[in-house]
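Computation of the quantities below employed the complete heavy-atom set of this structure, encompassing side-chain atoms and omitting hydrogens, waters and symmetry-equivalent molecules.
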Amino acid sequence: MVDVADAIVIGAGVHGASVAFHLAERGLRPVVLERSTAASGATGRSSGLVRMHYDVEADARLALGSYHYFRSWAERVGGDAGFVRTGFLQLVPQEELEALRANVAMLNRVGIVTELLDARQLAELVPGIALDGFTLAAWEPDSGYADPTTTTTSLLAAAVAAGARLVQNAPVTAVRTEGGRVIGVDTPRGSWDAAIVIDAAGAWAGRVAAMVGLELPIVVWRHDVAYVRRPDDVPAHPAMIDFANAFYIRPEGANLTLIGLEDGNELADDPDRPVDAAAPGFVERAAERLCIRLPAFATAGLQSAHSGQDGITPDQHPIIGPAGPEGFYLDCGFSGTGFKISPAVGRGLAELILDGETTGADLHPYRFERFAEQDPVRGEHPYAPVWR
Ligand SMILES: Cc1cc2nc3c(=O)[nH]c(=O)nc-3n(C[C@H](O)[C@H](O)[C@H](O)COP(=O)(O)OP(=O)(O)OC[C@H]3O[C@@H](n4cnc5c(N)ncnc54)[C@H](O)[C@@H]3O)c2cc1C
């Protein structure tokens with residue numbers, strides 16, 4: 001039996017959910033096909049940081065556009081995204097201070113509320129922080145974190161309320177084409193016909209694109225995180241990325257801290273590897289790194305650790321827009337930082353599909369062709385690549 005939809009979204013992670021929501025809001029009736037369950041990929045394992053500090057202006061604009069959603073989720077989408085405003089600190093090594101200054105100026109120009117803090121201000125904000133040689137940080141008072149799973153499920157619920165369908169446990173096994181354009185997809189649970197097919201399959205996106213003969217420059221990026229219980233005398237801290245020590249943290253609830261590392265993130269080909277456990281040695285490395293910057297965590301206790309996988313591209317930026325047969329769109333390659341920009345990306349892609357152009361977001365930098373054109377996404381004042 002063949003069903004018919006206005007558009008087919010492959011993958012019910014936060015990006016599939018967002019583009020489905022925005023298409024449904026514009027009056028389409030898309031179907032979202034998910035191989036497992038909603039948010040079972042990178043999204044459900046994401047650290048959920050919502051910050052706007054970037055060294056690429058287009059990224060910052062997507063983050064700001066998305067922040068407007070997170071800040072007023074119930075009115076804009078409905079339901080809850082679990083957004084918690086903690087403030088966000090960006091720390092960089094001494095050799096990147098000039099880039100930090102320039103990027104804060106760029107972010108201010110874009111309309112993001114952010115300022116530079118000196119060591120004294122930083123010590124007031126984060127008591128006990130070890131500052132050895134450290135002079136400046138960027139501070140974003142409005143940022144924080146959100147819950148990626150509820151973000152996704154509320155987008156899906158709103159999409160369904162507007163006419164979309166969600167079919168879980170339905171892996172797409174083939175994308176059908178005819179005369180150079182997509183016409184539908186097959187799953188073990190049935191086939192769907194549509195003139196629009198969106199590849200939002202996260203770490204599996206390369207496999208889906210191969211179904212239409214497209215080779216994507218995407219590999220599988222693996223990332224471990226741990227939750228630690230803060231010692232009673234350590235107060236809650238803001239969300240923070242510390243490039244100098246290659247880690248990030250954010251609080252979780254009343255007394256947990258989540259930590260992830262920017263180095264040692266394994267690259268591989270297999271998106272199906274088990275991700276329930278963090279890699280051996282990760283917790284020890286994370287604890288050591290955390291205690292360099294916040295020595296009072298020496299008596300913190302491990303709560304849990306897990307892993308997750310996303311698709312990563314050579315310039316660590318997503319691929320968004322048409323590619324391959326007519327009607328086929330890429331919405332993937334989010335390279336470990338895609339959660340926070342998902343609302344604006346979904347809106348922009350829906351506009352690109354329906355109107356051929358975007359109003360808020362500039363998605364041109366993320367086009368598939370940039371790899372062949374050797375025009376990678378890169379900031380004017382770039383920091384060293386994050387996932388080393
Ligand atoms: C541990 C971890 C921490 C992170 N922390 C942050 C953070 O703090 N902030 C941030 O902004 N980003 C973060 N990220 C990145 C962010 O979570 C991802 O970029 C984002 O969730 C990707 O969403 P997605 O919808 O593209 O992919 P996914 O969430 O992986 O969704 C893709 C979906 O497609 C489905 N699928 C695959 N193949 C098929 C098929 N053939 N048919 C049907 N369905 C299919 C999968 O089952 C999956 O559910 C983190 C990622 C990880 C792994």
Side-chain angles (χ1 to χ4, degrees), residues 47-64 66-67 84-145 230 234-251 257-263 285-298 316-317 336-337 340-341 377-388:
S47 305
L49 257 69
V50 173
R51 46 98 186 181
M52 294 170 268
H53 191 100
Y54 277 101
D55 59 4
V56 173
E57 184 171 330
D59 292 350
R61 288 186 184 279
L62 287 176
L64 177 62
S66 299
Y67 169 73
V84 180
R85 182 179 164 203
T86 62
F88 168 77
L89 274 173
Q90 176 70 61
L91 276 62
V92 299
Q94 288 294 328
E95 62 271 22
E96 293 189 331
L97 282 183
E98 279 319 304
L100 185 81
R101 284 181 206 276
N103 288 325
V104 166
M106 176 271 285
L107 296 168
N108 285 152
R109 188 165 41 77
V110 164
I112 293 167
V113 179
T114 181
E115 61 179 320
L116 291 168
L117 299 187
D118 62 22
R120 184 188 55 79
Q121 292 168 306
L122 190 61
E124 278 169 21
L125 192 69
V126 188
I129 191 166
L131 290 174
D132 34 304
F134 175 88
T135 49
L136 278 181
W139 169 238
E140 270 172 34
D142 294 334
S143 293
Y145 67 95
R230 280 196 298 279
V234 176
H237 50 78
M240 174 167 92
I241 295 179
D242 181 353
F243 280 165
N245 292 300
F247 76 93
Y248 67 86
I249 54 172
R250 68 159 173 84
T257 288
L258 178 154
I259 177 167
L261 299 183
E262 282 165 354
D263 55 356
R285 287 196 304 125
E288 201 173 307
R289 218 65 75 75
L290 178 58
C291 292
I292 293 174
R293 189 60 86 193
L294 292 164
F297 272 80
Q316 301 192 3
H317 279 80
T337 65
K340 65 186 76 61
I341 57 171
V377 181
R378 189 176 149 83
E380 262 186 68
H381 301 278
Y383 301 124
V386 185
W387 309 120
R388 304 185 284 266

Indicate the atoms forming the closest heavy-atom contact of A63 with I341, along with that distance.
N-CG2, 3.8 Å
Any idea which heavy atoms bring R378 and P382 closest together, and the distance?
NH2-CG, 3.4 Å
Inter-residue atom distance D242.CG - L294.CG, 0.5 Å rounding:
8.5 Å
Flag side-chain contact, heavy atom, 4.5 Å: K340 against R51
yes
Name of the residue among L91, D263, L261, I292 meeting side-chain contact (heavy atoms from CB on, under 4.5 Å) with N245
I292
If you take all heavy atoms of L89 and A137, which pair is closest and at what distance?
CD2-CB, 4.1 Å
Value rounded to 0.5 Å, distance of CD in Q90 from CE in M52
13.0 Å
Side-chain contact test, heavy atoms from C-beta onward, threshold under 4.5 Å: evaluate it for R109 versus E57 and give yes or no.
yes
For Q121, side chain to side chain contact (heavy atoms under 4.5 Å, CB included) partners two or more places apart
L117, D118
Neighbour count >12 (heavy atoms, 6.0 Å) for atom CD, E380:
no
Taking A384's backbone N and O only, do any of them form a donor-acceptor pair with E96's side chain (distance below 3.5 Å, no angle check)?
yes
Qualifying residues under ring pair (Phe, Tyr, Trp, His ring centres under 6.0 Å), relative to Y248, sequence neighbours excluded:
H223
State, to 0.1 Å, how close L116 and V104 come at their nearest heavy-atom pair, and which atoms those are.
CD2-CG2, 3.8 Å
Cationic N near anionic O, under 4.0 Å, R285 to E288:
no
Find the distance between CD1 (I249) and CE (M240) and round it off to the nearest 0.5 Å.
4.0 Å
Please round to the nearest 0.5 Å and tell me the distance separating atom CG of L136 and atom CD of Q94.
8.5 Å
Answer with yes or no whether the side chains of H53 and N103 bring together a donor and an acceptor at under 3.5 Å.
no
Return each pair, listed once, that meets salt bridge (Lys or Arg N to Asp or Glu O under 4.0 Å) where at least one residue sits in residues 133-142; pairs must be two or more places apart or across chains.
R85-D142
Test side-chain contact (heavy atoms from CB on, under 4.5 Å) applied to W139 and L122, step by step
CA-CA 9 Å; W139 169 238; L122 190 61; over 6 Å; no
Checking the side chain of D55 only, and the main-chain atoms of G379 only, is there a donor and an acceptor separated by less than 3.5 Å?
no
Interatomic spacing from CG in D59 to CZ in R61 - rounded to 0.5 Å:
11.5 Å
Interatomic spacing from CG in L49 to OG1 in T86 - rounded to 0.5 Å:
7.5 Å
Is there a donor-acceptor contact under 3.5 Å from the side chain of S143 to the main chain of G87?
no
Does the side chain of I112 come within less than 4.5 Å of Y67's, by heavy atoms?
no
With side chains defined as the heavy atoms from C-beta onward, is the minimum distance between F88 and V50 less than 4.5 Å?
no
Think R250 forms a cation-pi with Y145, using NZ or CZ under 6.0 Å from the six-ring centre and within 45 degrees of its axis?
yes
Provide the closest heavy-atom pair for P295 versus G128 in the form atom of the first, atom of the second, distance.
CD-O, 3.5 Å
Distance-minimising heavy-atom pair for P238 and V126:
CD-CG2, 3.9 Å
Are side-chain heavy atoms of I241 and E262 found at a separation under 4.5 Å?
yes
